Amino acid sequence: MTVTPQLGAMLHRSLRVYQVWGANTEVGKTVFSTILCGLTSTYKPEEKTAYLKPVSTGPAQDADGCHVSRFLPGIHAETLYQFDLPVSPHLAAQVSQQNTPSDGEVLSKIHDFASRHASPSPGWLFIETAGGVHSPGPSGTTQADLYRPLRLPAILIGDAKLGGISSTIAAFESLKLRGYDVELVLLFQDSTYQNHSYLTSYFQENHSIPVHTAPLPPSFAASNDTSNMQTYYASTTSLPSLSSIAAHLASLHRTRVAHLQSMPETASNTIWYPFTQHQHLTADKITVIDSAKDSHFDTFHPDSQTKGLLRPMFDGSASWWTQGLGHGNPALSLAAAYAAGRYGHVMFAEAVHEPALALAETLLAGVENKRLKRVFYSDNGSTGVEVGVKMALGAARGRYGRGGEEKVGVIGLKGSYHGDTIGAMDCSEPGVFNEKVEWYEGRGAWLGSPGVRCEKGVWVVEGGGEFGTLGEVFDVEEREERGEGKGYEKEIRAILERLVGEEGKKFGALILEPVVLGAGGMHLVDPLFQRTLVKVVRASSDLFGGEHQSADHLDWSGLPVVFDEVFTGIYRLGRFSAASFLGVDPDISVHAKLLTGGLLPLSVTLASDSVFRSFLSDDKSDALLHGHSYTAHAVGCQVALETLKEMTKMEKDGAWDWAVSSQHRKNDQSCPVGPQQLDQPVRPSVWSVWSPELVEWLSRQDEKGVEGVWALGTVLAIHMGSAGGAAGYKSTAAKGLQAALLTDSDRDGSVHSRVLGNVLYLMAGQTTTEETVRRVQRLVRRGLGDVAC
């Protein structure tokens with residue numbers, strides 16, 4: 001099978017490439033492209049100029065490339081795909097005898113054409129689109145989205161006809177919403193409508209974009225059309241009003257390259273980076289991201305004279321766990337623009353707007369938790385956790401009558417981490433994240449939890465035996481019926497009795513990251529242990545303040561249970577809510593990260609009615625006195641609504657069936673590779689986009705330092721041995737693999753990843769394609785020295 005190279009944005013050091021767009025069809029794109037080619041070929045005659053029309057429709061002799069060649073015979077003009085029928089490219093492709101090219105094939109050919117014309121010597125390339133900004137390409141994708149991965153600077157040809165002011169501004173805004181830089185606007189001078197007068201003022205005053213005009217070309221006359229147009233081009237390219245265009249475009253290109261080149265040094269002297277020891281950070285280690293598309297960054301590599309300066313790099317941390325629907329997703333951008341235009345930001349206390357209300361209803365329906373009835377908005381996961389803890393402690397105080405001077409803590413798990421704000425920090429045990437934070441107090445007790453990993457082809461539960469499949473590990477009800485949870489139950493109860501009875505500690509909440517402890521080291525926890533812990537706490541009211549009987553079976557008991565799903569929720573692990581893996585419902589649930597698909601910060605804390613009612617009083621001070629200026633930010637809520645709509649639709653439509661089917665063996669994900677049974681229509685209990693073959697292979701790479709591996713949903717975690725060095729977060733055991741993944745491959749690109757000490761993890765987005773996952777898997781194998789990958 002032929003593997004096409006991974007393509008990114010297009011930028012060459014000496015080849016100045018500009019994409020010509022039209023506000024509509026018949027606005028003069030080809031005429032202006034010819035003028036641009038003429039201007040640049042005379043700007044510095046030694047510099048070569050080329051013209052490319054990726055897609056053209058109509059008779060071949062009338063193709064735009066032929067027009068350019070006819071009047072500028074020294075210009076290399078080419079058309080990639082010519083369809084005979086003079087209609088929209090998607091229709092022309094459907095009725096033609098040719099195979100309809102995919103978007104990727106079109107982009108690949110454009111890259112190839114540009115590469116052939118790139119050289120150490122300066123040159124020019126103008127790429128003309130077809131029709132208007134949103135005219136479809138051959139596959140049906142509108143051009144504004146089709147060409148977005150190229151991230152080329154744009155020249156917009158305005159519409160000089162009646163109605164052209166509106167269509168030109170609309171085209172500009174469509175390009176702007178998709179991240180295009182419009183560098184120049186060109187249009188004809190029409191004395192009747194004088195659109196050029198209004199548009200010149202509009203673009204220069206509002207957007208600092210220069211506007212240049214040219215006279216209308218002569219009307220078509222079959223007998224002397226060529227002669228008339230030759231005269232027109234000769235006179236137009238010599239106009240003083242147009243003479244500065246080539247120098248302006250050349251300057252913009254130089255400035256862009258120079259700015260990208262200087263950014264690391266400037267950033268090194270200006271930025272204070274998160275989670276970074278600057279003592280060891282030099283400018284050459286800073287990654288310059290010029291743009292991003294889908295699951296990739298386009299990163300700047302200044303070390304080539306002829307090869308592209310921008311290279312694709314897989315976003316291996318899903319941009320710190322936020323990226324779900326792809327970088328620069330147009331639907332999310334439009335949702336944000338809509339809410340920004342309708343609301344901006346409006347204060348939320350004792351008010352409501354549609355995006356916030358609709359999102360609250362959508363979330364409560366999506367989590368399928370009968371306990372959760374209320375939604376509190378905040379701005380990030382750490383703060384959302386603090387809100388949840390405030391809720392839980394307040395509810396426990398109301399029930400157990402604890403005074404303000406009494407020290408009350410939380411029960412959690414060792415290795416858990418809930419955020420960097422002080423209150424959230426206090427919910428985690430002492431560790432590297434908080435050991436040097438003066439205000440940290442560590443208000444709680446943390447239990448050890450058995451981990452799950454695939455080791456040498458077998459799924460192992462720490463201290464709990466071996467399993468043939470990960471699905472068997474997650475069949476918590478079956479395991480519970482077999483009595484496997486009895487040991488956990490006895491152990492947990494004994495610990496709680498010691499903490500409360502012997503040590504006199506008091507607790508106000510149980511807080512868990514369900515299934516996976518994220519920042520603490522990508523620790524996949526035995527789900528039966530967490531399920532049992534919740535059940536034991538709920539059955540132990542006698543330990544926390546006396547027996548409590550309630551007629552409401554949804555009322556909290558023992559302690560309020562808080563689930564921190566900031567990382568694991570919203571389809572990160574393949575399900576809307578990670579709580580569903582455990583088969584228990586929390587009283588409070590926190591969601592962020594994927595909530596807005598990777599576009600905006602937003603967090604929600606969902607709470608039960610019993611928790612909510614504990615704050616009701618005639619005294620204002622008994623209320624939950626917490627809030628933010630940007631609470632329920634309308635833009636964030638609208639984007640979250642669009643995100644949830646898209647992800648739930650993807651699940652319903654089987655968008656991940658390619659990943660599910662690859663692991664559909666007896667309705668489970670299996671670590672060992674074996675025959676697959678694809679005749680069962682039921683979705684596996686657990687599945688991952690990362691292939692069982694990769695997990696199997698990695699689990700056997702102990703000689704390469706791999707101690708264990710797991711994959712669930714979009715997450716792959718590779719636990720490396722510390723080799724006698726520092727353990728945990730301070731370990732450098734995963735640095736070698738991280739560095740190997742950064743090494744660029746001409747075929748597959750590279751991977752930008754983060755490590756948590758000895759753990760290197762990779763995350764796909766919910767829209768990451770099977771082809772992309774395969775590329776990354778090849779890079780992982782190569783990084784660990786698989787010569788056959």
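None of the values given here were measured: they were computed from a predicted structure.
With ring centers used as reference points, F32 lies under 6.0 Å from F188. Between Y343 and H353, a ring centre-to-centre spacing shorter than 6.0 Å is recorded. In summary, the aromatic rings of H752 and F297 are positioned with their centroids under 6.0 Å apart. Remark: aromatic rings of H327 and H296 are distant, center separation not under 6.0 Å.
Nearest heavy-atom pair across M647 and G324 is CE-CA, 4.1 Å. Across all non-hydrogen atoms, the minimal contact from T100 to E105 is O-OE1, 4.3 Å. Taking every heavy atom of both residues into account, P149 and L107 meet most closely at CG-CD1, 3.8 Å. Of all heavy-atom pairs between L85 and T57, the closest is O-CB, 3.3 Å. Residues G636 and L602 share a closest heavy-atom pair of O-CD2, 3.7 Å.
Heavy atoms of other residues, nucleotides or ligands lying less than 6.0 angstrom from NZ of K161 number more than 12. Within 6.0 Å of CG in N99 there are 12 or fewer heavy atoms belonging to other residues, nucleotides or ligands. Atom NE2 of H259 has 12 or fewer neighbouring heavy atoms from other residues, nucleotides or ligands inside a 6.0 Å radius. For CZ of R342, the number of neighbouring non-hydrogen atoms (other residues, nucleotides, ligands) closer than 6.0 Å is 12 at most. More than 12 heavy atoms of other residues, nucleotides or ligands shown are found within 6.0 angstrom of CD on E46. Remark: Y273 OH is packed, more than 12 non-hydrogen atoms of other residues, nucleotides or ligands lying under 6.0 Å away.
In this structure a side-chain-to-backbone donor-acceptor pair under 3.5 Å is present from T768 to G765. A distance-only check finds no donor-acceptor pair linking the side chain of Y202 to the backbone of S197 [under 3.5 Å]. Side-chain N or O atoms of T168 include one that pairs as donor or acceptor with a backbone N or O of D159 at under 3.5 Å. Looking at T34, its side chain never comes within 3.5 Å of a backbone N or O of V68 through a donor-acceptor pair. The backbone N or O of L39 lies less than 3.5 Å from a partner atom in the side chain of T42, making a donor-acceptor pair. Side-chain atoms of S14 come within 3.5 Å of backbone atoms of P120 as a donor-acceptor pair (strictly under, hydrogens ignored). Here the side chain of H90 pairs no donor or acceptor atom with the backbone of T141 at under 3.5 angstrom.
Under the 3.5 Å distance criterion, with hydrogens and angles disregarded, a donor-acceptor pair is assigned to the side chains of T772 and T769. Under the 3.5 Å distance criterion, with hydrogens and angles disregarded, a donor-acceptor pair is assigned to the side chains of Y51 and E128.
Side-chain contact between V20 and I157 is present, with heavy atoms from C-beta onward closer than 4.5 Å. For the pair P312/L7, no side-chain contact is recorded, criterion being any heavy-atom separation below 4.5 Å from C-beta on. Contact annotation: the side chain of Q6 never approaches that of E771 to less than 4.5 Å [non-hydrogen atoms, C-beta and beyond]. Contact check for L11 versus L260: side-chain heavy atoms found under the 4.5 Å cut-off.
Using the six-membered ring where Trp is involved, F172 and F203 have ring planes that are perpendicular, over 60° apart on the 30 and 60° scheme. A tilted orientation is assigned to the rings of H117 and H76, their planes being inclined by 30° to 60°.
Residue F126 forms a side-chain contact (heavy atoms from CB on, under 4.5 Å) with just one option from I75, T40, L52, and that option is T40.
A salt bridge links R151 with D181: the closest approach of a Lys/Arg side-chain nitrogen to an acidic carboxylate oxygen falls below 4.0 angstrom.
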